[in-house]
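Written out below as C-alpha cells is the structure these notes cover.
Heavy atoms only: backbone and side chains are in, while hydrogens, waters and symmetry mates are out.
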Amino acid sequence: MANGWSLIIGLIFVVIACLVAWVFSPKGENQTLYRSTLILTFASCYLMWAITFLAQWHPLIVPRRSDIRPDRVPQ
C-alpha cells in the first residue's frame, strides 16, 4: 500500500535525475537548452504524478456506488 514516503522517495529520484542531467548534458552552444529541457521535463512529470497520487490518496469527493437502488419510501 502506498504511503506518504512515496512522495519523498519520488522527489529524491527526480532531484538525482536533475543533477545527472545538469552534469552530463552535452557540451556546446545548446547546453543550456538541453539542461533546461530535461530539468523542466523531470519536474513537470513529478508534479503530474504527485498531484494524481494525492488526488487518489485523499479524494475530495467521496466515491458512491451507483449500482445500488435507492431506498423506496413506503406510500
Side-chain angles (χ1 to χ4, degrees):
M1 186 55 89
N3 55 23
W5 286 104
S6 300
L7 291 172
I8 296 171
I9 292 170
L11 181 63
I12 291 170
F13 280 125
V14 168
V15 167
I16 291 171
C18 289
L19 290 174
V20 168
W22 181 270
V23 172
F24 292 111
S25 62
K27 307 294 185 233
E29 67 179 50
N30 291 328
Q31 183 178 20
T32 306
L33 181 66
Y34 283 118
R35 283 180 177 172
S36 60
T37 302
L38 289 172
I39 291 171
L40 284 173
T41 300
F42 292 140
S44 298
C45 287
Y46 172 74
L47 282 175
M48 190 65 171
W49 171 78
I51 290 169
T52 305
F53 177 79
L54 287 173
Q56 293 177 6
W57 194 28
H58 293 294
L60 296 176
I61 300 172
V62 178
R64 294 183 185 163
R65 290 183 59 177
S66 62
D67 61 338
I68 300 176
R69 289 188 311 174
D71 293 338
R72 294 185 176 240
V73 178
Q75 297 181 4

Report the residues that fulfil side-chain contact (heavy atoms from CB on, under 4.5 Å) with [X], sequence neighbours left out, ordered by chain and then residue number.
{"X": "Ile12", "answer": "Ile8, Ile16"}
{"X": "Leu19", "answer": "Val15"}
{"X": "Leu40", "answer": "none"}
{"X": "Leu7", "answer": "Tyr46, Trp49, Ala50, Phe53, Leu54"}

*Mind checking ring pair (Phe, Tyr, Trp, His ring centres under 6.0 Å) for Trp22 and listing every partner two or more places apart, or none if nothing turns up?*
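Applying ring pair (Phe, Tyr, Trp, His ring centres under 6.0 Å) to Trp22 gives none.
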
*Report the residues that fulfil ring pair (Phe, Tyr, Trp, His ring centres under 6.0 Å) with Phe13, sequence neighbours left out, ordered by chain and then residue number.*
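Ring pair (Phe, Tyr, Trp, His ring centres under 6.0 Å) check on Phe13 returns nothing, list empty.
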
*asked:* With a 4.5 Å cut-off on side-chain heavy-atom distances among I, L, V, M, F, W and Y, is there a chain of contacts connecting Leu38 to Val14?
replied: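 The answer is yes; both residues are in one hydrophobic cluster.
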
_Show every side-chain hydrogen bond (donor to acceptor under 3.5 Å, both in side chains) that has at least one partner inside residues 34-44, sequence neighbours left out._
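Qualifying pairs: Ser25-Arg35.
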
_Transitive ILVMFWY cluster of Ile51, excluding itself - 4.5 Å side-chain cut-off_ =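 Members other than Ile51 - counting any ILVMFWY side chain reachable under 4.5 Å - there are none.
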
